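Here's the structure, in structure tokens; my notes come after.
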Amino acid sequence: MGRYIALRILQAIPVVLGTTLLIYFLVFAMPGDPIAAMFGDKQPPAGVVQQIRDNYHLNDPFIVQYFYFLKGVFTLDLGNAFNGRPIAELIGAALPVTAVLAGLAFVFEILIGVTCGIVAGIKRRSIFDNTVLIISLVLISIPTFVMGYVLQFVLGVQLKILPTTVGSNVDLLHMLMPALVLAGVSIAYIFRLTRGEMAQTLLADHVRTARAKGLTAKQVTLRHVFRNSLMPLVTYVGTDLAALMGGALVTETVFNIHGIGYLMYTNIHKGDGTVVVSVVAILVLAYVVSNIIVDCLYALLDPRIRVGKKVSSG
């Protein structure tokens, strides 16, 4: 297992390098001057502009700037953003906020999506099944920002149940609404995936055999149906936590949450490529780690899988 994990980490290195290189190039190729965006309508002295360009290596070619970024990564010194604050400090302040938001959304996915999927899979074509299927289709069809504005108006303005914005109030009450919005589409997909796998597994031969042996419906569901339905669910859920952090950009903008997505959004407009690429590198690492965890869980869920070992043919 240790050898397999080490191999996956080595395979992840070119993925991280290629992704950050591409993002850095896209930010570098954006039209506009980041220095002009920094000062707005003001006209700074030419000497000040030149000093800023020299400090941030803005006069160097793209590839040279990227190598400066890699040097900062390997020396654990990402430098300063255009506002003068250390990039590590900006990420350190924003990352826990997004982690709380993504973690709460992840809990909603598991509790609502998996639970409803199990019940609907067992009771197919029931009123509950048809109702949740329609709701899941609606959740998939509505864009995230539209759902956010609708819930803000209904739950925040009309019913006054939940706060409409977060700002600096990173607590459970303020995070409930954005977490529901962020988890909405994933809840729908997890429900449909769980429902389909449960319904298909219920028709399998080993399930009929278990029933013929006299096992109760609860024993059949837990031991033979649910466990065998977990493989595709683990694949989706395992990688979705990292996707939630990356997909929080729209949600954080709608609800004024100063997390990773908001940090990346504001610095894209500023043209601060180092900050943007640093955030992207963290998100890519989150994807890599979640994929490795998913692959390791396969061996626990299915004894037939032996990760990193070859089956002998003799």
Side-chain angles (χ1 to χ4, degrees), residues 5 8 11-12 15-16 19 94-121 132-133 135-148 151 172 175-198 200 226-255 257 259-262 264-265 279-302 305:
I5 295 176
R8 290 301 304 272
Q11 292 173 345
V15 175
V16 175
T19 305
L95 187 59
V97 178
T98 300
V100 171
L101 175 63
L104 190 57
F106 187 75
V107 171
F108 285 145
E109 289 182 10
I110 301 301
L111 292 179
I112 301 175
V114 175
T115 304
C116 292
I118 292 174
V119 176
V132 181
L133 271 176
I135 294 175
S136 66
L137 183 60
V138 172
L139 290 175
I140 294 173
S141 304
I142 298 178
T144 301
F145 68 92
V146 174
M147 187 186 302
L151 289 185
L172 180 61
M175 283 293 194
L176 279 178
M177 191 188 302
L180 281 172
V181 172
L182 181 60
V185 175
S186 294
I187 288 174
Y189 281 123
I190 289 175
F191 160 74
R192 299 172 80 91
L193 180 61
T194 307
R195 173 188 177 272
E197 290 297 324
M198 289 288 293
Q200 183 177 357
F226 181 64
R227 181 170 181 176
N228 286 279
S229 303
L230 276 179
M231 294 296 287
L233 184 62
V234 166
T235 302
Y236 182 86
V237 171
T239 56
D240 193 54
L241 182 58
L244 287 175
M245 297 186 66
L249 190 152
V250 176
T251 306
E252 290 182 357
T253 304
V254 172
F255 290 93
I257 303 174
I260 285 293
Y262 185 86
M264 185 163 61
Y265 173 78
V279 173
V280 170
I282 292 176
L283 296 179
V284 172
L285 287 175
Y287 272 105
V288 170
V289 172
S290 61
N291 278 320
I292 293 175
I293 293 175
V294 167
D295 289 342
C296 294
L297 286 175
Y298 282 164
L300 299 177
L301 292 174
D302 191 343
I305 297 177

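Just so it is clear, the model here is predicted, and its values are computed rather than measured. Throughout, numbering of the chain's residues begins at 1 and tracks the sequence.
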Provide the closest heavy-atom pair for [X] versus [Y] in the form atom of the first, atom of the second, distance.
X: Leu182; Y: Ala102; value: CD2-CA, 4.3 Å
X: Leu137; Y: Arg192; value: N-NH1, 4.1 Å
X: Gly148; Y: Val181; value: CA-CG2, 3.8 Å
X: Ile140; Y: Ala188; value: CG1-CB, 3.6 Å

Problem set entry | CA sep, side-chain torsions, deciding dist, call: Phe191, Leu133, side chain to side chain contact (heavy atoms under 4.5 Å, CB included) | CA-CA 8 Å; Phe191 160 74; Leu133 271 176; 3.8 Å; yes
Roughly how far, to the nearest 0.5 Å, is [atom2] of [Y] from [atom1] of [X]?
X: Ile282; Y: Met264; atom1: CD1; atom2: CE; result: 10.5 Å
X: Cys116; Y: Ile190; atom1: SG; atom2: CD1; result: 11.5 Å
X: Phe145; Y: Thr251; atom1: CZ; atom2: OG1; result: 11.5 Å
X: Leu176; Y: Leu151; atom1: CG; atom2: CG; result: 11.5 Å
X: Ser136; Y: Arg195; atom1: OG; atom2: CZ; result: 8.5 Å

Problem set entry | Trace of the side chain to side chain contact (heavy atoms under 4.5 Å, CB included) decision for Thr19 with Val284 | CA-CA 8 Å; Thr19 305; Val284 172; 3.5 Å; yes
Exercise. Could you go step by step and tell me if Met198 and Val119 meet the side chain to side chain contact (heavy atoms under 4.5 Å, CB included) rule?
Worked result: CA-CA 9 Å; Met198 289 288 293; Val119 176; over 6 Å; no
Problem set entry | Test side-chain hydrogen bond (donor to acceptor under 3.5 Å, both in side chains) applied to Thr98 - qualifying residues, sequence neighbours left out |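 Once residues adjacent in sequence are excluded, the partners of Thr98 under the side-chain hydrogen bond (donor to acceptor under 3.5 Å, both in side chains) criterion are Glu252.
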Report all side-chain donor-acceptor pairs from residues 104-115 shorter than 3.5 Å, counting only partners two or more places apart or in another chain.
unit_1 : atom_1 : unit_2 : atom_2 : d
Glu109 : OE2    : Ser186 : OG     : 3.2
Thr115 : OG1    : Leu111 : O      : 2.5

Exercise. Within a reach of under 6.0 Å around OH of Tyr236, are more than 12 heavy atoms found that belong to other residues, nucleotides or ligands?
Worked result: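 Result for OH/Tyr236: enclosed.
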For this session: Apply ring pair (Phe, Tyr, Trp, His ring centres under 6.0 Å) to Tyr262 and list each qualifying residue two or more places apart in sequence or on a separate chain.
Result: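 Ring pair (Phe, Tyr, Trp, His ring centres under 6.0 Å) list for Tyr262, sorted by chain: His258.
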Exercise. Within a strict 4.5 Å, meaning less than it, do heavy atoms of the Pro178 and Leu101 side chains meet?
Worked result: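 Answer yes - side chains close enough.
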Exercise. Given Met147 and Leu180, is the side chain to side chain contact (heavy atoms under 4.5 Å, CB included) satisfied, shown in steps?
Worked result: CA-CA 10 Å; Met147 187 186 302; Leu180 281 172; over 6 Å; no
